[in-house]
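So the structure is just underneath, and the comments pick up after that.
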Amino acid sequence: MALVNADRIKSELKTFDIDCGDDILDKMLEQCLCNRLQGDGIVLEWVAFSTTKGGLELSLNTLEQFEHEVLNKKYKAKPAIAKREESHNRTRDINSLHDLIKAEEEEESLLDSYSTPAKGSQKRALTTPEHPQSKRSAALIASPGLLLCSASFSPSVTPSQKYSQRGGRGEVVSTFGAVQGTRWAGRKGQTNAVQLELLEGSEDSLINNYKYMFQRLRDVRNVLTEKIEELGEELRTNFNIEEFSPVSLPAQVVVMEGMNTSGRKFVASKLFEGVPLPFYSTPIKQEMDMDIPDVPEQLLVMVACGPYTPSDGLTFDPLVDLINVIARDRPDVCILLGPFVDSKHEQIEKSLVTETFDAIFSRCVGSIVEGTKGVGCRLVFVPSQRDVHHHFIYPQPPFILPDLSKDDAKRMTLVPDPCTLLIDGVTFGLTSTDILFHMGAEEISCASGSDRFSRILKHMLTQRNYYPLYPPVEEVNMDYEKFQGYGQMPLSPDVLIVPSELRFFIKDVIGCVCVNPGRLTKGQVGGTYGRLLIQRSAPSIDGKRVSPCVAGQVVKI
């Protein structure tokens, strides 16, 4: 039972224009606690009783009459066996037991205030070094596995049989770069924090929620026109084109050379490919006696994308397994992309969960934080439009977690979708929206023998934004004014993370290492996650940019 208080009762009484003093509120609070009623329940019972008696005035005397004629007969007359059956029907998982004990202890504390000190002192022994916490309470210390017990979220307490019987755990299904003899482990730990920042800057980020669903068609037109002109000018300058003019409505910004002799058909003879943005580079101080380290620094980044539960139940076993992998490999950075509470999950669609979506998400994040506390890795959380508890808009604001402790907040970075991160001098482009699937479905022709994924990824890099598709698919609610500011690539990322329903991969596309880590679960069975080992060589004396050396793997969970 949720904790009831006098303010809640007073608020419910005001709904019926009933005013009362503190003594009456205390009496009604006592009746709530003794009869296990909520504030709205006691008020509704009183209003019904008062109406049947011709409109009794609320007072201490009438409350005693109300207690004698209604509460004692209706609530205290339940046989003990009914109470045992009600308790038995509750889900017997570690979280519900913990909540029950906590609620009972808080309830007893309130009841103590209505009893004599002698009576109250018998309720519960004090916890001191000489008299430690009881074994029952001590056994309920939260752990990732216990916090994510399936019974906490759903009436179905049976774990997914197909997931538990999966094969190939830990099998490497895709590789990139030199991975032979590579030690897949982090280097930083708790003492030396990884340098991580959002390239857009705090003042330009989507930290603060924004109003959407108010955009006008002319604003959309202005954004698209400005983007077309910007890309067109880059192409014109790069290929030394004298002039060009539009031939149809915009869908992909390209430059073609050809003739339109009839006035009805443009016959292209040459296609100019798009030009990607430059990569990130830092000014390197040129000193003749500068020390150049012999051994390159190593950075291990782990990437996983939701959903984190199988489709046949809300068991978070895949997430628990991922936390165990993080504890084993000790990565420097762990990037976790949504959905965390998947709107497409069968039990969520059918409203079978027994907790609020926010509560499920908070418990999920809390388990990740607790389970990785001893590892010391930085955690990056990226929302998804499939997160049922979050904003359904693109670009998407980051999650808000106000209850984090100061130490936990230092390890966590909450970013929008999409975003560009700088991690120890290496740039990462991140988006949880399935642009690969959306663009792949819109292709009308392709060159024979060309790689489909590389082709789509090249569009992203040359169009210089994280969603180069117009119009967007129906499930993407695009805010074009925000997209103009927050959906563009500020530079070509060294690593581009693009999770998708399509097959996992790691590949090089015009100098950018593109990764689809797959999803941690695929239906009722386990999926995959990705890990990247990045080595930065010593900078050259002439100040030129040195590309990071990246090795990657996609691994079965």
Side-chain angles (χ1 to χ4, degrees), residues 1-78 82-83 86-87 89-91 95-96 98-116 119-120 123-124 152-153 208-209 211 341 351 353-363 365-366 388-391 399-404:
M1 184 183 76
L3 196 61
V4 65
N5 52 49
D7 291 336
R8 177 67 184 275
I9 298 174
K10 187 176 181 179
S11 175
E12 295 293 336
L13 288 172
K14 282 186 176 181
T15 305
F16 297 93
D17 295 327
I18 301 176
D19 295 323
C20 63
D22 293 338
D23 54 343
I24 294 177
L25 289 175
D26 290 341
K27 179 63 177 177
M28 296 188 75
L29 179 60
E30 180 184 358
Q31 291 175 340
C32 283
L33 296 175
C34 293
N35 296 279
R36 304 187 68 83
L37 285 172
Q38 294 292 322
D40 55 349
I42 192 76
V43 172
L44 291 175
E45 290 285 1
W46 162 257
V47 171
F49 171 75
S50 173
T51 303
T52 59
K53 296 293 184 179
L56 288 179
E57 183 180 353
L58 183 61
S59 65
L60 291 177
N61 292 332
T62 55
L63 278 179
E64 291 180 359
Q65 181 184 355
F66 164 63
E67 182 177 6
H68 176 73
E69 297 183 16
V70 177
L71 299 182
N72 289 345
K73 295 180 180 180
K74 191 170 183 180
Y75 294 97
K76 291 188 177 179
K78 288 184 178 180
K83 188 173 183 179
E86 178 185 358
S87 177
N89 289 334
R90 290 193 60 183
T91 304
N95 303 286
S96 60
H98 188 276
D99 294 340
L100 178 61
I101 293 172
K102 184 178 179 181
E104 288 178 348
E105 291 174 349
E106 291 176 340
E107 187 176 354
E108 289 173 358
S109 299
L110 276 179
L111 286 173
D112 286 348
S113 63
Y114 292 94
S115 61
T116 62
K119 182 179 179 182
K123 294 292 183 180
R124 186 176 62 255
S152 307
F153 308 101
N208 297 321
N209 296 333
K211 294 181 179 179
V341 188
S351 301
V353 293
T354 56
E355 280 193 289
T356 64
F357 300 138
D358 286 322
I360 297 176
F361 174 70
S362 297
R363 183 172 298 178
V365 172
V388 69
H389 67 291
H390 199 50
H391 300 280
F399 293 127
I400 298 177
L401 298 173
D403 299 328
L404 288 175

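- Closest heavy-atom contact between R8 and G39: CG-CA, 4.3 Å.
- F16 has its side chain within reach of L44: a pair of non-hydrogen atoms, C-beta onward, lies under 4.5 Å apart.
- In terms of heavy atoms, V43 sits closest to I9 at CG2-O, 4.0 Å.
- Note: T62 OG1 to E64 CD = 9.0 Å, rounded to the nearest 0.5 Å.
- Formation of a donor-acceptor pair under 3.5 Å by the T51 side chain with backbone atoms of V47 is found in this model.
- A distance of 9.5 Å separates CZ in F66 from CG in L58, rounded to the nearest 0.5 Å.
- Atom-to-atom distance recorded for E355:CD and R363:CZ is 4.0 Å, nearest 0.5 angstrom.
- Rounded to the nearest 0.5 Å, atoms CG (D358) and CD1 (I400) are 10.5 Å apart.
- The shortest distance between side-chain heavy atoms of F399 and H389 falls below 4.5 Å.
- The closest donor-acceptor contact from the side chain of Q31 to the backbone of L63 lies under 3.5 Å.
- Put simply, the side chain of V341 does not reach to within 4.5 Å of the side chain of V353, judged on heavy atoms.
- Within the 4.5 Å cutoff, the side chain of N35 has no heavy atoms near those of the I42 side chain.
- Expressed to the nearest 0.5 Å, how far NZ of K10 lies from OG1 of T15 amounts to 13.0 Å.
- Contact check for C20 versus L13: side-chain heavy atoms found under the 4.5 Å cut-off.
- For the atom pair CG of D23 and CE of M28, the computed distance is 12.0 Å after rounding to the nearest 0.5 Å.
- Here the closest heavy-atom approach between residue F49 and residue V70 is recorded as CD1-CG2, 3.5 Å.
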